[in-house]
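Before any comments, here is the structure.
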Amino acid sequence: MANRSCIIRLSRYKNALNRLKGLNFVRVFSDNLADAAGVTAAQVRKDFSLFGITGNRRGGYKVEELADQLNRILGKNQLHEFIVIGVGNIGRALLHYPGFERSGIDVAAGFDIDPAKYNPQSQPPVLPLEQLGELIKTRDIKLAILAVPDYAAQQVLELVLSAGIKGVLNFAPICLKAPPGCIVNNINLETEIENLIYFINAAENRK
Ligand code: NAD
């Protein structure tokens, strides 16, 4: 069974592959992908072997074929609809980010508790929380992004899970736990920045 780090590497290989495709590469070698993803060629081969992807020592991998395989594994061969809860700074930016469309991600709607944010006519619409359950059900939506304040995050998590959401990306700076059968990925920007600061300081101190 692949772990989260392995799937993150597959996304990086897929992005590198798309760049190489744009440069008209027909074949790639694990070294090419390893360089682009910052790992060893052996790691690339190990990750691919988990999914039965085999290359050829002399000829490498066919770019088109490998791109199809990675897209299928990562679910990129179909459109995925998200909802965004909390249409403030982060939520608004996500709602209108044009790059998602290219990646097969479609934001179906935003939801907020503040009536001043409602805009059912906008694209995507911003709706009251009371309409969340129905939209999830009728469109069979499985994914949600939480961009609410930390004090509201647990309650909003319970709301979306009870409405049928299975995967949550949480931007609130608290670590939310998922019950069995659901996945919550916590993105804590402060932690990531602290991490950067620590390693930059550590590198400077070694000089
Ligand atoms: P924001 O205050 O601009 O927006 C939060 C939105 O959530 C508001 O529109 C509010 O009405 C709505 N909301 C509050 N309670 C709700 C509820 N129960 N149900 C539905 N909507 C509700 O906040 P932001 O800057 O967009 O940040 C969102 C989250 O991301 C916060 O937890 C914040 O700590 C975190 N974060 C933000 C940044 C940033 O740069 N903006 C950086 C790091 C972390």
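These figures come from a predicted structure and were not determined experimentally. Each ligand, and each atom within it, is numbered from 1 in the order the structure gives. All values below come from the heavy atoms of this structure, side chains included, with hydrogens, waters and symmetry mates left out.
- Atoms of ligand 1 lying under 4.0 Å from any heavy atom of D114, numbered from 1 in the order shown and given with element: 11 (O).
- Near L129, the atoms of ligand 1 lying under 4.0 angstrom from a non-hydrogen atom of the residue are 19 (N), 20 (C).
- At the top of the distance list for atom 35 (C) of ligand 1, counting protein heavy atoms only, stands F171 O, 3.3 Å.
- Here V87 has backbone heavy atoms under 4.0 Å from ligand 1, and that is the only part of it that gets that close.
- Not one N or O of E190 is nearer than 3.5 Å to an N or O of ligand 1, by distance alone.
- The closest non-hydrogen atom to atom 23 (O) of ligand 1, taken over I113, N89, I174, comes from N89.
- Among all protein heavy atoms, the one lying closest to atom 34 (O) of ligand 1 is P173 CD, 3.2 Å.
- Counting only heavy atoms of the protein, atom 10 (C) of ligand 1 lies nearest to D112 OD1, 3.5 Å.
- In this structure, CG in N32 is found 10.5 Å from OH in Y61, a value given to the nearest 0.5 Å.
- In terms of protein heavy atoms, atom 4 (O) of ligand 1 is closest to G88 CA, 3.2 Å.
- The part of D150 lying near ligand 1 is the backbone, judged by heavy-atom distances below 4.0 Å.
- Nearest heavy atom pair, residue A108 against residue R139, reads CB-NH2, 3.6 Å.
- Proximity annotation for atom 14 (C) of ligand 1: of G86, A116, P149, A152, P149 comes nearest, heavy atoms only.
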When you look at F82 and L94, which way does the side chain to side chain contact (heavy atoms under 4.5 Å, CB included) test go after all the steps? CA-CA 10 Å; F82 267 86; L94 294 172; over 6 Å; no
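- Residue Y151 has no N or O atom closer than 3.5 Å to an N or O atom of ligand 1.
- Any N or O atom pair closer than 3.5 Å counts here, and Q155 shares no such pair with ligand 1.
- When only interatomic distances are considered, the shortest N/O to N/O separation between V148 and ligand 1 falls below 3.5 Å.
- A salt bridge does not link R45 to D47: none of the charged nitrogens lies less than 4.0 Å from a carboxylate oxygen.
- In terms of protein heavy atoms, atom 38 (C) of ligand 1 is closest to I90 CD1, 3.7 Å.
- Around atom CD of Q155, no more than 12 heavy atoms belonging to other residues, nucleotides or ligands sit under 6.0 Å away.
- Of the heavy atoms in K117, only side-chain atoms (C-beta onward) come closer than 4.0 Å to ligand 1.
- Set against the non-hydrogen atoms of L189, the atoms of ligand 1 under 4.0 Å away are 42 (C), 43 (C).
- At least one protein heavy atom sits closer than 4.0 Å to atom 19 (N) of ligand 1.
- The nearest non-hydrogen atom to atom 28 (C) of ligand 1, considering only A147, A93, P128, comes from A147.
- Atom 40 (O) of ligand 1 is not flagged as protein-proximal [any protein heavy atom, distance under 4.0 Å].
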